[in-house]
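One-based numbering along the sequence shown. Whatever order the structure lists them in is the order used to number ligands and atoms, beginning at 1. The structure displayed is predicted, hence computed values, not measured ones.
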Amino acid sequence: MARVYNFSAGPAILPEEVLQEAAVEMLDYKGSGMSVMEMSHRSKVFESIIKETEADLRKLMSIPDNYKVLFLQGGASQQFAMIPMNLMKNRKAAYIITGEWSKKAYEEGKNYGEVTEVASSADENFSYIPDCSNLDIPEDADYLYMCENNTIYGTKYQKLPDSKGHTLVADVSSCFLSEPVAVSDYGIIYGGVQKNIGPAGVVIVIIREDLIPEECLPGTPTMLKYKTHAKAESLYNTPPAYGIYICGKVFKWLLKKGGLAEMKAYNEKKAAVLYDYLDQSRLFQGNVRKEDRSLMNVTFATGSAELDDMFVKEAKAAGLDNLKGYRTVGGMRASIYNAMPIEGVEKLVEFMKDFEAKHGRP
Ligand SMILES: *Cc1c(COP(=O)(O)O)cnc(C)c1O
């Protein structure tokens with residue numbers, strides 16, 4: 001078996017223990033005589049899978065009782081429309097633009113009402129998080145929207161914006177379960193699970209109950225109403241059953257590791273291995289402002305597109321895969337999600353040192 005260290009931004013690395021367990025259960029899930037892929041989502045067996053998965057997530061994140069957990073489809077991108085369709089009572093919302101994903105959400109929001117950009121870091125190619133301590137949010141805005149960890153650029157908010165009493169909506173796709181959060185600080189926390197949790201095809205939405213409206217904007221399809229899924233406990237129609245099952249395994253893996261505080265400590269230790277090296281390297285530079293660095297997505301470059309290309313190719317040959325940066329940033333990106341062991345990051349840094357010795361300035 002030749003598994004590589006997979007630094008992909010998403011779909012991304014999963015814990016090996018989880019994959020092995022799933023392999024063992026592939027043909028016969030706990031004596032049911034069938035795979036989870038083959039069973040009815042209305043069966044007792046699946047019902048217990050989804051219930052336990054939700055219970056474990058609630059335990060991991062200490063989700064208050066007045067928040068619903070929804071397992072949906074359509075990717076994080078579908079939420080860009082679903083959020084305004086459900087929340088835009090006044091047809092107004094405020095957006096903070098810190099990268100491609102928040103920009104896309106903002107553009108989508110325009111289809112439903114008056115959206116205001118209240119802060120942006122576009123002026124420096126999204127290499128920092130703007131000051132959000134005193135935003136000029138329209139009084140009657142229905143929500144303030146943010147993307148908490150910017151997968152493409154490698155920045156993360158170290159402190160939540162002051163929403164001034166407005167509902168805070170956060171896309172946490174690439175930092176989901178990477179550290180503890182206070183769920184009650186948010187109206188909605190949501191993310192596609194294919195970054196830091198499970199296989200593509202599942203979106204988890206954690207929403208405060210009173211935000212689930214009886215009436216959405218006119219014309220909202222049944223499937224895009226939070227109410228539909230909240231009332232049916234995520235079983236209104238066939239859910240992404242196998243993906244939910246794998247998410248459940250990852251939740252158990254995280255609980256076994258000690259929960260999110262432990263994960264945060266491990267993630268900090270892991271990221272420090274790479275950032276400490278970048279800070280003293282004469283060849284590689286980190287792309288973002290130090291105080292806004294992400295623990296999950298680390299972006300860096302040599303300053304020469306040719307050397308960057310060579311680095312990505314040679315790293316792949318050495319078993320360090322998917323290090324190419326996103327096209328709007330260039331250079332490299334190492335996604336070091338929960339499931340990436342510290343050995344993978346250490347091996348990457350060793351490889352970078354060798355590369356620097358060969359190609360760096362003396
Ligand atoms: C990947 C990503 C998305 C898009 O997710 P899809 O599931 O492909 O729609 C949105 N937001 C963030 C922060 C992401 O990293």
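A distance-only check finds a donor-acceptor pair linking the side chain of Lys270 to the backbone of Tyr337 [under 3.5 Å]. With Asp56 contributing its side chain and Phe251 its backbone, the two residues share no donor-acceptor pair below 3.5 Å. With hydrogens and angles disregarded, a donor-acceptor distance shorter than 3.5 Å links the side chain of Ser173 to the backbone of Gly192. Between the Asp321 side chain and the Ser8 main chain, no donor and acceptor come within less than 3.5 Å of each other.
Only side-chain heavy atoms of Lys195 come within less than 4.0 Å of ligand 1; its backbone N, CA, C and O stay farther off. Residue contacts with ligand 1 for Cys147 involve side-chain atoms from C-beta outward but no N, CA, C or O (heavy atoms, distance under 4.0 Å).
At most 12 heavy atoms of other shown residues, nucleotides or ligands fall within 6.0 angstrom of atom CG in Asp136. For Phe351, the CZ atom sits in a packed shell: over 12 heavy atoms of surrounding residues, nucleotides or ligands are nearer than 6.0 Å.
Within the 4.0 Å heavy-atom cutoff, Gly10 does not count among the residues contacting ligand 1. Remark: distances from the non-hydrogen atoms of Gly75 to ligand 1 include one below 4.0 Å. For the pair Glu148 and ligand 1, no heavy-atom separation below 4.0 Å is found.
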Query raised in the report: Between Tyr153 and Tyr128, is a side chain to side chain donor-acceptor pair (under 3.5 Å) present by the stated rule, with each step listed?
Result: CA-CA 9 Å; Tyr153 296 93; Tyr128 70 103; over 6 Å; no

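At the top of the distance list for atom 9 (O) of ligand 1, counting protein heavy atoms only, stands Ser77 OG, 2.6 Å. Scanning the protein heavy atoms around atom 5 (O) of ligand 1, the nearest turns out to be Ala76 CB, 3.5 Å. Counting protein heavy atoms only, atom 11 (N) of ligand 1 is closest to Asp171 OD2, 2.6 Å.
Residue-ligand proximity, Gln194 to ligand 1, at heavy-atom distances under 4.0 Å covers atoms 5 (O), 6 (P), 7 (O), 8 (O). Residue Thr151 approaches ligand 1 through these ligand atoms, each under 4.0 Å from one of its heavy atoms: 12 (C), 13 (C), 14 (C), 15 (O).
Geometrically, ligand 1 and Phe80 share no nitrogen or oxygen pair separated by less than 3.5 Å. The shortest N/O to N/O separation between Asn149 and ligand 1 does not fall below 3.5 Å.
Using a 3.5 Å distance cut-off with no hydrogens or angles, the side chains of Asn297 and Asn149 do pair a donor with an acceptor.
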